[in-house]
A.B. asks: 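Just dropping this structure here.
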Amino acid sequence: MSTKINILVVEDEKNIRNFISTTLKNNDYKVIECQTGSEALSISTSHCPDVILLDLGLPDLDGINVLKSLRSWSAVPIIIISARTQETEKVTALDLGADDYITKPFGTSELLARIRTALRHSTKHSPNKVFRVKDLLIDFDKRLVSVQNKEVHLTQIEFKLVSLLAQNAGKVLTYDHIITSIWGPYADKNNQILRVNMANIRRKIEENPGDPKYIFTEVGVGYRMIEDQDSMHMS
Ligand code: CA
């Protein structure tokens, strides 16, 4: 029998906490619950959870400070639970090392998908050589992108952008993270050049760039590539 995956749920709102716990337990995860930031820090040390779901608005500490403190010693996947109004906090959290965020209210399938993605990224050692989803195929070694078996010609920057998003498929990458990864830490943090490149990529790979099916915009936060088929079939 395999050991159950252990998830720490840090949430002070009882209804949400119960909803998350029940969902996770029904899906064969082991759950530890707590309501404050200080409990979260001590339980993380004593129980070594495999994933932490962290609410930002906690009664004692700010969730952002809990995240900072955890990240100073632990690489455990952390998924932020945020309210829709906390857009800048989402960005801050992702840039401080949170793996993902989920916006209230959310459904069970979204919650479970986020957890699977976070777990997959934490255990993945070498990136796949090929990314395939729907009609899109990216071959990282051959530096080749095709849609419906037709090769798409991307510039070098465009290819780097698509690869970065595909290697982190299912996970939102912030504007700053993408800009730093592609153009380096001294790049101008102006999003304009990123937006122009993304528009060009969408024109080349999306059937309808206004209603993309591969790369989604997370408004005010960044971009997210749809999960590849292999990982969707996993677990
Ligand atoms: Ca709260």
Side-chain angles (χ1 to χ4, degrees), residues 4-122 168 170-178 216-224 227 235:
K4 284 190 181 183
I5 292 169
N6 204 353
I7 303 186
L8 171 60
V9 179
V10 190
E11 169 64 78
D12 59 318
E13 280 167 73
K14 192 162 177 263
N15 292 342
I16 300 178
R17 197 173 62 245
N18 288 346
F19 164 72
I20 296 175
S21 276
T22 310
T23 304
L24 297 181
K25 283 174 191 161
N26 288 343
N27 285 276
D28 219 26
Y29 292 108
K30 196 176 152 205
V31 181
I32 317 167
E33 299 174 21
C34 71
Q35 302 174 45
T36 66
S38 49
E39 280 176 296
L41 291 174
S42 76
I43 294 172
S44 302
T45 315
S46 57
H47 287 69
C48 299
D50 298 300
V51 176
I52 299 176
L53 297 176
L54 177 63
D55 179 28
L56 288 181
L58 296 169
D60 57 340
L61 302 167
D62 186 333
I64 291 287
N65 289 327
V66 177
L67 169 68
K68 268 193 214 165
S69 178
L70 286 168
R71 270 294 167 265
S72 68
W73 63 275
S74 169
V76 60
I78 300 171
I79 301 170
I80 299 297
I81 306 169
S82 76
R84 204 166 284 281
T85 47
Q86 292 167 316
E87 203 161 81
T88 47
E89 272 128 316
K90 281 181 208 166
V91 177
T92 308
L94 290 166
D95 282 334
L96 283 172
D99 292 78
D100 207 344
Y101 69 82
I102 183 162
T103 305
K104 296 175 200 174
F106 49 85
T108 48
S109 52
E110 190 185 359
L111 173 66
L112 295 169
R114 292 280 178 274
I115 290 171
R116 280 199 304 271
T117 302
L119 283 167
R120 181 166 62 90
H121 282 281
S122 77
N168 293 281
K171 191 173 158 177
V172 62
L173 299 183
T174 66
Y175 299 123
D176 278 7
H177 177 94
I178 297 172
F216 304 105
T217 301
E218 299 284 328
V219 179
V221 180
Y223 297 100
R224 187 197 299 268
E227 289 244 48
S235 77

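Numbering of ligands and ligand atoms starts at 1, following listing order. Positions are given from 1 along the sequence.
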A.B. asks: Examine Glu11 and say whether one of its N/O/S atoms is closer to the Ca ion (ligand 1) than 3.0 Å.
C.D. replies: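 Glu11 does not place any N, O or S atom closer than 3.0 Å to the Ca ion (ligand 1).
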A.B. asks: Less than 4.0 angstrom from a charged side-chain N to a carboxylate O is my criterion; do Arg120 and Glu227 meet it?
C.D. replies: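 The answer is yes: the pair qualifies as a salt bridge.
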A.B. asks: State, without any angle test, whether Tyr101 and Glu218 hold a side-chain donor-acceptor pair at a distance under 3.5 Å.
C.D. replies: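 Distance-only check passes for Tyr101 and Glu218.
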A.B. asks: Among the N, O or S atoms that Asp12 has, which is closest to the Ca ion (ligand 1)?
C.D. replies: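 Restricting Asp12 to its N, O and S atoms, the minimum distance to the Ca ion (ligand 1) goes to OD1.
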A.B. asks: Assess whether a salt bridge exists between Arg71 and Asp99, defined as any Lys/Arg side-chain N lying under 4.0 Å from an Asp/Glu carboxylate O.
C.D. replies: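 A salt bridge links Arg71 with Asp99.
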A.B. asks: Below 4.0 angstrom, N of the basic side chain to O of the carboxylate: do Lys30 and Asp50 qualify?
C.D. replies: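 No salt bridge links Lys30 with Asp50.
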A.B. asks: Restricting to N/O/S, name the atom of Asp55 that gets closest to the Ca ion (ligand 1).
C.D. replies: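 Nearest N/O/S atom: OD2.
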A.B. asks: Mind checking whether the Ca ion (ligand 1) has an N, O or S of Gly57 under 3.0 Å?
C.D. replies: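 For Gly57, the answer is yes, given that an N, O or S atom comes within less than 3.0 Å of the Ca ion (ligand 1).
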